[in-house]
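Take a look at the structure set out below.
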Amino acid sequence: MKITEFMGNKVCTLMMESEGHKVKIEFMYSEMHPEILDYSFRINGNPSLQTRNIVNDLAEKRMQDIFYQLTQNVL
């Protein structure tokens with residue numbers, strides 16, 4: 001996991017593997033008003049639509065977990 005700063009906001013980038021595909025999760029959040037401002041999931045390969053939906057759901061859940069930990073100063 002890597003955290004950088006962009007335009008006064010924090011950007012978190014991390015990798016995960018799900019359903020046999022590597023997924024890059026990147027999201028921007030504000031420390032002043034704890035909320036996710038923007039995010040993207042990049043899936044390596046060309047999964048089926050069903051697999052893509054499963055991977056997106058798991059990536060979103062992982063992103064929310066990491067965001068919660070970052071805003072609660074767990075990480």
Please walk me through it: do Arg42 and Val23 pass side-chain contact (heavy atoms from CB on, under 4.5 Å)? CA-CA 6 Å; Arg42 293 185 192 93; Val23 183; over 6 Å; no
Euclidean distance, [Y] [atom2] relative to [X] [atom1], rounded to 0.5 Å:
| X | Y | atom1 | atom2 | result |
| --- | --- | --- | --- | --- |
| Leu70 | Ile3 | CG | CD1 | 4.5 Å |
| Met16 | Lys61 | CE | NZ | 10.5 Å |
| Tyr68 | Ile66 | OH | CD1 | 13.0 Å |
| Met28 | Cys12 | CE | SG | 12.0 Å |
| Ile36 | Lys10 | CD1 | NZ | 15.5 Å |
| Ile43 | Arg52 | CD1 | CZ | 4.5 Å |

For Met1 and Thr13, what are the C-alpha separation, side-chain angles and deciding distance, and is it a side-chain contact (heavy atoms from CB on, under 4.5 Å)? CA-CA 6 Å; Met1 181 170 65; Thr13 305; over 6 Å; no
Contacts of type side chain to side chain contact (heavy atoms under 4.5 Å, CB included), residue Ile54, not counting sequence neighbours: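 Here the qualifying residues are Glu19, Gln50, Leu58.
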Side chains of Arg62 and Leu14, heavy atoms from C-beta outward: is any pair under 4.5 Å?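 They are in side-chain contact.
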Between Val11 and Glu26, does a side-chain contact (heavy atoms from CB on, under 4.5 Å) hold up when you go through it step by step? CA-CA 7 Å; Val11 178; Glu26 190 170 56; 3.9 Å; yes
Would you say Thr51's side chain and Pro47's backbone share a donor-acceptor pair under 3.5 angstrom?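 No, because the side chain of Thr51 does not come within donor-acceptor range (under 3.5 Å) of the backbone of Pro47.
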Same cluster (ILVMFWY, side-chain, under 4.5 Å), Phe41 and Tyr29: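 Yes, same cluster.
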So which heavy atom on Pro34 is nearest to which on Thr71, and how close?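 Answer, listing the atom of Pro34 first, then Thr71: CB-CG2, 4.0 Å.
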Should we count OH of Tyr39 as having more than 12 external heavy atoms under 6.0 Å?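 It does not: Tyr39 OH has 12 such atoms or fewer within range.
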